[in-house]
Amino acid sequence: MAQPATNDIDSDSLRRAAIDRSVKGPVLFLFTNGAFWLMASTILGLLAAVKHVFPDFLDHDWLWFLQYGRLQPAHLVALVYGWGIQAGLGVAFWIMSRRTGQELRGGHATLISAGVFWNIAVTLGILGILFGGSTSIEWLEMPKYLWPVFLICFLAYAWPMVSMFARARNPGGFMISAWYMLGASLWFPWIFITANVCLHCLPGLGAIGAGVSAWYVHSTILLFFVPVGIGAAYYFIPKVTGRPIASYQLARIGFWALAVLGGWSGMQRYMGGPLPAWMPAVGAASGVMMLMPVGVVGWNHHLTTLGKHNLVQTSPSLRFTFMGALFYPISSLMFAVLSAFYTGASLQFTHAWYGFQIVTIYGFFSMCIFGAIYYIVPRLAGCEWLSVRLIRNHFWFSVYGISAIVVTSLVCGLQQGGDMNNPEKWNLGFFAVVGGIKPYIIARAVAWGLITWSNVWFLIHLMLMVAGLGRRSSSPTLLPGHDIEDPMHNLTHPTHA
Amino acid sequence: MSDFRKLVFRIGFLFAIPWLLLIVVPVIRYQHVGPVAYDKDKDGMDGFYPPAPIHRQGQLVYAREGCVQCHTQMIRAANLGLDAWRKGWGQDQGERAADPVRSNTLRDYLGEPVAFLGIQRAGPDLANAGWRFADRNKLHLMLYAPRALTTWSTMPSFKHLYVVQKAQGQKSSKALDLPAKYAPAKGFEVVPSAEAEALVDYILSLKKDYPVPGLAAAKK
Amino acid sequence: MSSPSAYNPDTTDLDRLHPAVKREKIDVAPGTEPSPMWVIFLALLVAVLGGSQLGNVANFAFETSNPLAGAKLPDPRPGTGGGGAELDPMQLAMKKGAATYALCGGCHQGSGQGVPGAFPPLAGSDWVMGGTERNIRVVLHGLNGPIKVKGADFTAPSAMPPQGAVLSDQDIANVLTYVRNSFGNKGGMVTKEMVQKVREAEKARATPWTGAELDKYADKDAAADAPPAAK
């Protein structure tokens, strides 16, 4: 017999409302700025893809800085720091305060200031990359003086989250999402400090430095994006379906497996290279073994949503979260294929790596975050989402775009790797490679175009909500589905029997 | 210990193990990695390995332009890819090199703040570009107008690293020899800026195929 | 848990202020059944797969980047190699030429049919089957301006770019041999010595040819030595 948290529903609701009110400012600030950077990043991604295969496009002297070598890192920095970490922090903060039942008492000004400085740092970072300050270190391309700003702003959010967790009084079974958010708050600063100190403060590290840089990228993915995404899924799937998480034991196995495996990955990016041989091997092993926690979490979510697929259709929040949870095993499979020596050697130094980054950050993480945002914002803004059509637009164009990127980057990677490693072409120039990847990069540009389209409307929709211009109603904005439980169903679909 | 402290301790401990083993210990050990002397008897040559450092100023320009997005600097082990056998990717620039190019080791990147091993290969590997581009002017031409040399190339043009200046009487010795399509207006010439020269110096300093002491003997 | 503030209708009127919160479902504790056996089994399988990646490593030495360094590895390149069967030079040229043709196919099409009005066909073309002196020059330095192939006109602006800087003599010889023996063409072989001689003779050439300039080479074949004997 399932046990509810408390028996006092009204006081629960009051408490939740108080928590929502207390975190409203910082969380909405992070979401809005994040959405803006997401749009900027998708536009940069589109431009980068076009410039990759048509380098003479927009070939004006005053646009000299629009080159693939600068656009691509700017695109990824905007995506990771402008959107990913910022929106992730917003969601993590809200979930942590809700799950621990702690209101945010004071410190709002600090949080908003930290948010402002974070965005200033992202802006300076991207301008720095575009105008000649890039360090060319993957995911740390912003000029090197910016990293302490990022760190302090992140800690400004991480510290209250950790202290909320410390004061929490909920029984263990309800804290799964909170563990993941706690993990992310502890892991990311550790990873960030390590990478930046090693690469910017210590004397020359040569090839070991390259290893640290690769470790940084993988660790940020596995120990920030993955926990925040899964934590959100573990919160919202039971919340919206009203069902419990299927298995507490599986949830714990999943969490601890991630905690064990997450920090070992990264060096397999440079397999066959100058790093001491055991490092890529250990990274490859961890990359393959990640299939285990992913499978476990996926199975747990699957069991939780069984029989509630009508809710997946109607609830925007659940729809996005479900899709994100679906992309998680897909991205993990790509990760395993990229990491293992046998397959990874053909995909090394190809577009498959970029595809994996995007599938994880956009397909899995961002979809879970969108699901969270569609749930959280009405509660903070006091109004409901305005337009079903905009939500559907956002959903479907994102799905089309990200599916296109998954498929084209994998196929392109296989093609590129095959051409690079083909013994028949050992003495020929790279024209086979260059010609072969062109159609896939064009497809990628189109995909980013679709995603830009979906996110422009998302940004507008979000800004309207934050301005309080949403629907004044006590019923949620639901997508049309064939939910016979929906009391509005007959009124909105009069022709159905 | 409260549950919270136990949880944080466990999370911290589990992460500290890979952090120490993969990052901290190798970084410390790397500080003790230095050049190795060749043994005149066994290796047949004198001096130290690696013999020549890269051009650091030029590496800054390389970083700023984002060359790592399309070029790698890492010859992979032969069992993982074709790098070792590709024409012109090593010291031997002949039509058909007899031996495979050796895979790169830690010491090949000695002296570099961060080795730019590369993100993707949309263009050839540059680990041994110093031998491949013997002609400095050809390299300048490649940077200024890549499609003048290879029509199918998608390499961006680094025109902003070059200065179009009025030809003062005699053509400058550093002026680029451009085909008609890319040549400047009459009376003007294209001259590399200091950054372009540094970048070319850097690329020409990329020579990572010197024999490894001890292994050279094994190859014979 | 926070206690609600002193009674004030504005802060506690849930229906008005936070209807969204009121309709939230009750939190329910997760299920406590143990995990199914097959999950453990699959997890072990994944661990085995992952562990197999460690097989590559001989030791944990800091200095070892490549455990196979110094080992004698088989030469995967086709042609003369460690004991591989030698291909007939014509077959080798056809094979290499086919790969190099990827460069040409963009305009002349994979079928060699070209695009009417823009890119001349290579199939059954009088130019291709004509003098090799002309063909070699076209590939080396490019071709501009109106020409007539198989009776059809092909005018500028689609000029053929020069390939002399990109392709070596052997590459040009291979691709010309391939083109002269494919798409229904039946011609002889072009050797790298022929290309070399033409390249030497036209060393001063910096601009692409025009149709008129090449007329005098239309029937001339480059001096061909006997194809190199198989080594």
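As a basis for the values below, the full set of heavy atoms in this structure was taken, side chains included, without hydrogen atoms, waters or symmetry mates. Below, chains carry the letters A, B, ... as their sequence lines are ordered, and counting in each starts from 1.
Between A/Asn427 and C/Lys96 the shortest side-chain heavy-atom distance falls below 4.5 Å. Proximity of C/Gln53 to A/Gln268: side-chain heavy atoms (C-beta onward) are nowhere separated by under 4.5 Å.
Annotation: the span from C/Ile40 atom CD1 to A/Leu250 atom CG amounts to 7.5 Å, rounded to 0.5 Å. Atom-to-atom distance recorded for C/Leu167:CG and A/Phe431:CZ is 7.0 Å, nearest 0.5 angstrom.
Only the side chain of A/Val296 comes within less than 4.5 Å of a heavy atom of chain C; its backbone N, CA, C and O stay farther away. For chain C, the nearby part of A/Thr241 is the backbone; its heavy atoms alone come within less than 4.5 Å. With a 4.5 Å cut-off on non-hydrogen atoms, A/Ile208 touches chain C through its side chain but not through its backbone. Interface remark: A/Arg252 contributes no atoms to any contact with chain C (heavy atom separation under 4.5 Å). Contacts between A/Pro238 and chain C at a heavy-atom distance below 4.5 Å are absent for every atom of the residue. At a 4.5 Å heavy-atom cutoff, the contact between A/Ile253 and chain C is made by side-chain atoms alone. When heavy atoms are compared at a cutoff of 4.5 Å, C/Thr100 approaches chain A by way of both its backbone and its side chain. Looking at A/Ala246, only its backbone comes within 4.5 Å of chain C, counting heavy atoms on both sides.
Shown here for C/Ala61 and A/Trp278, the closest heavy-atom pair between the two residues is O-CD1, 4.2 Å. Here the closest heavy-atom approach between residue A/Ala285 and residue C/Gly50 is recorded as CB-O, 3.2 Å. Nearest heavy atoms, A/Met289 versus C/Val46: CA-CG1, 3.6 Å. Between A/Pro274 and C/Ser65, the shortest heavy-atom contact is O-OG, 2.6 Å. The two residues A/Pro423 and C/Pro76 come nearest to each other via the heavy atoms CB-O, 3.3 Å. Residues A/Trp299 and C/Pro36 approach most closely at NE1-CG, 4.4 Å, considering heavy atoms.
Annotation: maximal heavy-atom pairing with chain C below 4.5 Å, among A/Pro476, A/Gly273, A/Gly242, occurs at A/Pro476. Highest contact tally toward chain C, considering only A/Arg243, A/Glu384, A/Arg472, A/Met290, is held by A/Glu384 [criterion: heavy-atom pairs under 4.5 Å]. Among C/Ala99, C/Pro30, C/Ala47, the residue making the largest number of heavy-atom pairs under 4.5 Å with chain A is C/Pro30.
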